[in-house]
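To keep things clear, I will list the structure first and then write my remarks on it.
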Amino acid sequence: MKVWLNLLLYSVAFAAHAGESISSARQAELHELLIEDCGSCHGSRLLGGLGPALTKQRLAKLPRKFLIDTVYNGRPGTAMPPWSTMLTHQEVSWLVDQLQKGVKTP
Ligand code: HEC
């Protein structure tokens, strides 16, 4: 009985953990979104346009939470739209992590 309980708890914990990672297929989609959708304002090489450059040089200095909040909720009163209807909070966090590390652009 105890063994089964442990197994059950283990699989629940494992499922919860698996939910935290983003599949490589989804990562590829998010990268495309970054270049095409975010790039429409931030420049296709993310060097800036209507919105500021999203380079590692600029973003590494800014607090992660602040950037996640900017992307998830947008910046009211500016052209930066909220992405909360299109992306999960976890996906936004992943995107911000990529940007702070530096994203490969065409
Ligand atoms: C319609 C145009 C537009 C689109 C699309 C857009 N942004 Fe923005 N973004 C802006 C503008 C304008 C700002 C500057 C807001 C301000 O004045 O504070 C901004 C600000 C930001 C900032 C904060 C930069 C800083 O220096 O504080 C980040 C991060 C960001 N955008 C990421 C993204 C990401 C990621 C996407 C795609 C998921 C995206 N943006 C799509 C227009 C856009």
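Both counts, for ligands and for their atoms, begin at 1 and track the order of listing. Being a predicted model, the structure only gives us computed values, none of them experimental.
Judged by distance alone, the side chain of R58 and the main-chain N or O of A53 form a donor-acceptor pair under 3.5 Å. A donor-acceptor distance shorter than 3.5 angstrom exists from the side chain of H42 to the backbone of P52, with no hydrogens or angles considered.
A heavy-atom distance below 4.5 Å is found between the side chains of L30 and E91. L99 is not listed as a side-chain neighbour of V71, based on a closest heavy-atom distance of 4.5 Å or more. Looking at heavy atoms from C-beta onward, L95 lies in side-chain contact with L34 at the 4.5 angstrom threshold.
A side chain to side chain donor-acceptor pair (under 3.5 Å) check over residues 95-106, counting only residues at least two apart or in different chains, returns the pairs R64-D97.
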Pairs of nitrogen or oxygen atoms, one from ligand 1 and one from the protein, closer than 3.5 Å: please tabulate them with distances.
residue	atom	partner	partner atom	Å
ligand 1	7 (N)	H42	NE2	2.8
ligand 1	9 (N)	H42	NE2	2.9
ligand 1	18 (O)	R75	NH1	2.6
ligand 1	26 (O)	R58	NH1	3.4
ligand 1	26 (O)	R58	NH2	2.5
ligand 1	27 (O)	R75	NH2	2.9
ligand 1	31 (N)	H42	NE2	2.9
ligand 1	40 (N)	H42	NE2	2.8

